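Taking it in order: structure first as C-alpha cells, then the write-up.
Just so it is clear, the structure is predicted and the values come from calculations on it, not from any experiment. Below, all heavy atoms of this structure are taken into account, side chains as well, without hydrogens, waters or symmetry copies.
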Amino acid sequence: MHETTHRLHSASLPALWLPLLGGLLPLVGTVVALALSQQMALIPVCNPLIDGCVSISRAARHDLPNYLFRALLLPAAVLQALTWCFATQWLRQHGARERLLAWLPWVGLTAACFLVLYGTFLGTEGEAYRWMRRHGVIVYFGCTCLAMVICAGLLQRHLREHPVVRTPARLLLALTYALPLMGLATALRPLYLPEGNSGDVVENVMEWWAGVIFTLFFLVLAWCWLRLKLRLALQTD
C-alpha cells in the first residue's frame, strides 16, 4: 500500500488591501465618471460636494462613464464584503463576543449584494429597473452604515487601550457619528429650506458626503490593519 501525503502550502498577504481597495475603487470610479460626464456635457459642470447639482447615480449613468464606474464598483463590492468578514474574525480574536458581532458579516454581505444590484442596473431604463437601482443604493448605504457602527463600537470597546489602535479607533468612531448627523440634517431640511427643488440639492450633497465618509472609514481601517501588521493567510494543497 502506498500512502499519499498532502502538504499544505501557506502564503499570506497584508490584510490592509481588502479595505484599501474596497474603499478606493468606488472613489476612483466616481471621480472618473464625474469628470468624464462633465467633459462629455452629460451633466453640468459643478462641485457636487457643495452645489449638489447631480447625484452619484446621474454622474455615472450614461455611456463610457457608466462602463468605467461599474467596472470598478462591482469588484469593490466583493472586497468590502471580505473586509467585513475579516473584521469579524479579527474582533473575535480580541475578545469580542457580543451578539452584534455575529450580525456584522451578514450585514456586510447584504450591503455588498445590494451594491452589486445597484451597479448592475445603473444606466438601464424602465420602472422595475429604477426601483432596483433606488433600493439597491438605499440598502447599501443603510447596511454599510450599520456595519461601520458595529465595527467601530466593538473596536472602541475591546481595543481602544491598544497604543497602535487608539488613534484609528477614535477616527472610525468619529466617522460613524457623522452619518446620523447628516441624516438628521436631511430629515430637517423643510425647517430651513423653502419649498421647491432645494430638497433634491440637499439629498445630493448628503449622498456625496456619505460616500466620502464611507471611503474614509475603509481607508482608516486599512491604516489600522497596517499598523497592526495583520495578514491574510492562504492555504493550498
Side-chain angles (χ1 to χ4, degrees), residues 5-28 72-116 139-181 210-237:
T5 302
H6 296 280
R7 294 183 179 180
L8 291 178
H9 300 277
S10 62
S12 65
L13 70 158
L16 71 95
W17 287 108
L18 291 180
L20 183 64
L21 293 179
L24 284 180
L25 288 181
L27 173 64
V28 173
L72 295 176
L73 194 68
L74 298 180
V78 177
L79 291 168
Q80 289 184 15
L82 292 175
T83 295
W84 299 125
C85 291
F86 184 81
T88 301
Q89 297 301 319
W90 168 55
L91 290 167
R92 184 172 288 121
Q93 289 176 358
H94 286 276
R97 294 293 184 271
E98 291 83 350
R99 185 175 300 178
L100 278 176
L101 184 62
W103 285 95
L104 180 57
W106 298 107
V107 172
L109 182 60
T110 301
C113 289
F114 276 86
L115 183 59
V116 170
V139 176
Y140 166 72
F141 270 71
C143 287
T144 300
C145 180
L146 181 57
M148 288 168 54
V149 170
I150 295 173
C151 182
L154 294 179
L155 178 58
Q156 185 72 13
R157 179 177 298 179
H158 294 281
L159 284 147
R160 63 182 177 183
E161 299 303 326
H162 196 299
V164 174
V165 179
R166 188 179 297 122
T167 299
R170 290 174 179 173
L171 289 174
L172 293 175
L173 195 63
L175 290 171
T176 63
Y177 287 154
L179 289 171
L181 291 176
V212 170
I213 292 173
F214 285 4
T215 299
L216 290 176
F217 189 95
F218 283 112
L219 296 185
V220 174
L221 187 60
W223 177 46
C224 179
W225 289 357
L226 172 65
R227 299 189 72 181
L228 289 170
K229 299 180 180 179
L230 297 182
R231 300 187 69 86
L232 294 169
L234 306 175
Q235 291 184 340
T236 58
D237 290 336

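Taking a 6.0 Å sphere around CH2 of Trp223, one finds it holds more than 12 heavy atoms contributed by other residues, nucleotides or ligands. Applying the 6.0 Å contact sphere to CZ of Arg231 captures more than 12 heavy atoms from other residues, nucleotides or ligands.
The backbone N or O of Ala112 lies less than 3.5 Å from no partner atom in the side chain of Gln80, so there is not a single donor-acceptor pair. No side-chain donor-acceptor contact under 3.5 Å links Arg92 to the backbone of Arg97.
Ring planes of Phe214 and Tyr140: perpendicular class, angle over 60° (limits at 30 and 60°). The aromatic rings of Trp90 and Trp225 stand perpendicular to each other, their planes meeting at an angle above 60°, with 30° marking the opposite boundary.
Between Ala178 and Ile213, the closest heavy-atom pair is CB-CD1, 3.7 Å. For the pair Pro105 and Cys85, the tightest heavy-atom approach, listed with the atom from each and the gap, is CB-SG, 4.1 Å. Of all heavy-atom pairs between Leu16 and Leu226, the closest is CD2-CD1, 3.4 Å. What you find for Val116 and Ala77 is that their closest heavy atoms are CG2-CB, 3.7 Å. Annotation for Phe217 and Ala152: closest pair CE1-CB, 4.2 Å, computed over non-hydrogen atoms. Between Ala15 and Leu232, the closest heavy-atom pair is CA-CG, 3.9 Å.
Interatomic distance, Tyr177 OH to Leu172 CG, rounded to the nearest 0.5 Å: 12.0 Å. A distance of 11.5 Å separates CG in Leu146 from CG in Leu179, rounded to the nearest 0.5 Å. To the nearest 0.5 Å, atoms CD1 (Ile150) and CH2 (Trp84) are separated by 9.0 Å. Atom CG of Leu104 sits about 11.5 Å away from atom CD of Glu98, to the nearest 0.5 Å. Interatomic distance, CG of Leu21 versus CG of Leu27, reported as 12.0 Å (0.5 Å rounding). Taken to the nearest 0.5 Å, the CG atom of Leu221 stands 12.5 Å off from the CG atom of Leu216.
Between His158 and Leu91, the closest side-chain pair of non-hydrogen atoms is not below 4.5 Å. Looking only at side-chain heavy atoms (C-beta outward), Leu73 and Leu25 stay at 4.5 Å or farther from each other. At least one side-chain heavy atom of Leu101 sits less than 4.5 Å from a side-chain heavy atom of Thr88.
Residues satisfying the side chain to side chain donor-acceptor pair (under 3.5 Å) test with Gln89, not counting sequence neighbours, are none. For Arg227, the side chain to side chain donor-acceptor pair (under 3.5 Å) test picks out no residue, with sequence neighbours left out.
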**Item:** Derivation of the side-chain contact (heavy atoms from CB on, under 4.5 Å) call for Phe218 and Leu79
**Value:** CA-CA 11 Å; Phe218 283 112; Leu79 291 168; over 6 Å; no

